[in-house]
Amino acid sequence: MHAIANDRFTQAWAAIGACLPKPAAILAISAHWHTRGTHVTAMEMPRTIHDFGGFPPALSQVQYPAPGNPALAGHIADLLTPVKVGLDQKWGIDHGTWSVLRHVFPNADIPLLQLSIDATQPPSFHYALGKRLSALRDEGVLIIGSGNIVHNLHAYNWESESAKPRAATTSFENSVRQLLLAGDHQALIDYAALGADARFAVPTPEHYLPLLYIIALQRDGEQASFPIEGSEGGSISMLTVEISQP
């Protein structure tokens, strides 16, 4: 519902967009494109996907008509060699991407591509793939990961979005924060070693894995920062992690 809301999270997303230089293009890794194999959207005009149900009709009427960039899709496929990357003509822009970007860049005038998350591969694979995307930073491409460090819908308090975060939510998020600040990428890749907190926070990996693509892009001298903080329903972290040049 943040896609059509005016709240502290959407206002903060808009503030981030206002401070960023306009990128040449955007590459998004969304938790909601979980596939077999790796794919990148390669159409001229990706469709807005409403991949959800049971919400007010206004949410399904939202369009985010950003153009694609087939040439950039081919370039990304080359960068990820030897991994075979499918040039996708069917997917589009799912709500993991557009629900945030319609606040960050409301004009939808920046070429936008999505990279899928290969469900058959371990966390180390996704981190390595992120490393190969580093050249895009020097080409003016903004790379974003859309997911949640803590995402447990089974423990979500559906009666109160503002419910106090559960102990495991806070504990796991704090552990990840400390590892990000320390630049300990290996521990973030091996997140399952954090035990019971990790099992609660990451019951399935797709919402956590986008983070690994982003930290893989971190360069010497760069620090992680947290421009947005908070949680919802006791079991979803809304923490935003930014990696940028000093």
Side-chain angles (χ1 to χ4, degrees), residues 1-18 28-34 48-62 64 93-106 114 117 144-181 188 191-192 194-215 224-243:
M1 291 301 292
H2 292 295
I4 57 175
N6 180 14
D7 57 36
R8 72 182 187 92
F9 295 119
T10 64
Q11 291 166 12
W13 292 337
I16 289 174
I29 299 97
S30 166
H32 294 275
W33 197 19
H34 210 212
T48 303
I49 301 173
H50 302 94
D51 49 330
F52 46 75
F55 291 92
L59 195 60
S60 296
Q61 294 168 5
V62 174
Y64 192 78
I93 306 303
D94 63 52
H95 84 272
T97 296
W98 61 257
S99 64
V100 176
L101 284 184
R102 74 183 306 259
H103 298 287
V104 180
F105 298 114
Q114 281 199 198
I117 296 173
I144 67 168
S146 176
N148 301 92
I149 288 170
V150 180
H151 188 275
N152 187 328
L153 291 181
H154 293 292
Y156 193 86
N157 186 336
W158 296 100
E159 296 181 358
S160 176
E161 289 186 353
S162 60
K164 180 180 178 181
R166 294 175 182 262
T169 300
T170 301
S171 178
F172 186 77
E173 183 184 286
N174 285 342
S175 294
V176 169
R177 280 178 185 251
Q178 294 306 310
L179 293 170
L180 285 165
L181 291 172
L188 291 163
Y191 70 90
L194 295 173
D197 288 344
R199 290 191 293 275
F200 174 87
V202 191
T204 56
E206 71 281 352
H207 278 81
Y208 180 86
L209 292 174
L211 175 69
L212 300 186
Y213 287 83
I214 302 308
I215 63 170
S225 60
F226 311 104
I228 305 172
E229 302 178 352
S231 66
E232 284 196 342
S235 64
I236 289 184
S237 169
M238 296 295 289
L239 187 72
T240 293
V241 180
E242 182 177 359
I243 305 291

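These figures come from a predicted structure and were not determined experimentally.
Distance check: Arg177 CZ to Thr170 OG1 gives 9.5 Å after rounding to the nearest 0.5 Å. With rounding to the nearest 0.5 Å, the separation of OG in Ser235 from CG in Leu153 is 6.5 Å. With rounding to the nearest 0.5 angstrom, the CD1 atom of Ile29 is 8.0 Å from the CD1 atom of Ile144. To the nearest 0.5 Å, atoms CD1 (Ile117) and OH (Tyr213) are separated by 6.0 Å. A distance of 4.5 Å separates CG in Leu188 from CD1 in Ile215, rounded to the nearest 0.5 Å.
Put simply, the side chain of Leu59 reaches to within 4.5 Å of the side chain of Met1, judged on heavy atoms. Within the 4.5 Å cutoff, the side chain of Val241 has heavy atoms near those of the Phe226 side chain. With a 4.5 Å cut-off on side-chain heavy atoms, Val150 and Ser231 do not count as touching. The closest side-chain heavy-atom distance from Leu101 to Ile93 is not below 4.5 Å. Between Met238 and Arg8 there is no side-chain heavy-atom pair separated by less than 4.5 Å. For the pair Phe9/Val100, no side-chain contact is recorded, criterion being any heavy-atom separation below 4.5 Å from C-beta on. A heavy-atom distance below 4.5 Å is not found between the side chains of Leu239 and Val176. In this structure, His2 and Ser99 have side chains that are not in contact, with every pair of non-hydrogen atoms separated by 4.5 Å or more.
Here the shortest heavy-atom pairing between Thr240 and Pro227 reads O-CD, 3.3 Å. Between Ile214 and Ile243, the shortest heavy-atom contact is CG2-CG1, 3.9 Å. Residue Ile149 comes nearest to Tyr208 through the heavy atom pair O-CD1, 4.1 Å, listed as atom of the first residue, atom of the second, then distance. For the residue pair Gly234 and Thr169, the shortest heavy atom distance occurs at O-OG1, 2.7 Å. When all heavy atoms of Glu173 and Ser237 are compared, the pair lying nearest together is OE1-OG, 2.5 Å. Nearest heavy-atom pair across Ile4 and Ala58 is CD1-CB, 4.1 Å.
Counting only distance, with no hydrogens or angles, the side chain of Asn148 and the backbone of His151 share no donor-acceptor pair below 3.5 Å. For Ser146 (side chain) and Gly96 (main-chain N/O), a donor-acceptor pair under 3.5 Å exists by modelled atom type. Under a 3.5 Å cut-off, the side chain of Thr48 and the backbone N or O of Tyr64 do form a donor-acceptor pair.
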Less than 3.5 Å apart, which donor and acceptor atoms pair up between the side chains of residues 195-205 and the rest of the protein, not counting sequence neighbours?
{"from": "Asp197", "atom 1": "OD2", "to": "Ser171", "atom 2": "OG", "distance (Å)": "2.5"}
{"from": "Thr204", "atom 1": "OG1", "to": "Glu206", "atom 2": "OE1", "distance (Å)": "3.1"}
{"from": "Thr204", "atom 1": "OG1", "to": "Glu206", "atom 2": "OE2", "distance (Å)": "3.0"}

Residues 158-165, side-chain donor-acceptor partners within the protein, below 3.5 Å, at least two apart:
{"from": "Ser160", "atom 1": "OG", "to": "Ser162", "atom 2": "OG", "distance (Å)": "3.4"}
{"from": "Ser160", "atom 1": "OG", "to": "Ala163", "atom 2": "N", "distance (Å)": "3.3"}

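Remark: Asn174 pairs with no residue by the side chain to side chain donor-acceptor pair (under 3.5 Å) rule, at least two apart or across chains. Applying the side chain to side chain contact (heavy atoms under 4.5 Å, CB included) criterion to Asp51, with sequence neighbours excluded, gives His32, Ile49, Asp94, His95. In terms of the side chain to side chain contact (heavy atoms under 4.5 Å, CB included) criterion, residue partners of His103 (sequence neighbours excluded) are, by chain and number, Thr10, Trp13. Residues satisfying the side chain to side chain contact (heavy atoms under 4.5 Å, CB included) criterion with Ala12, sequence neighbours excluded, are Ile228.
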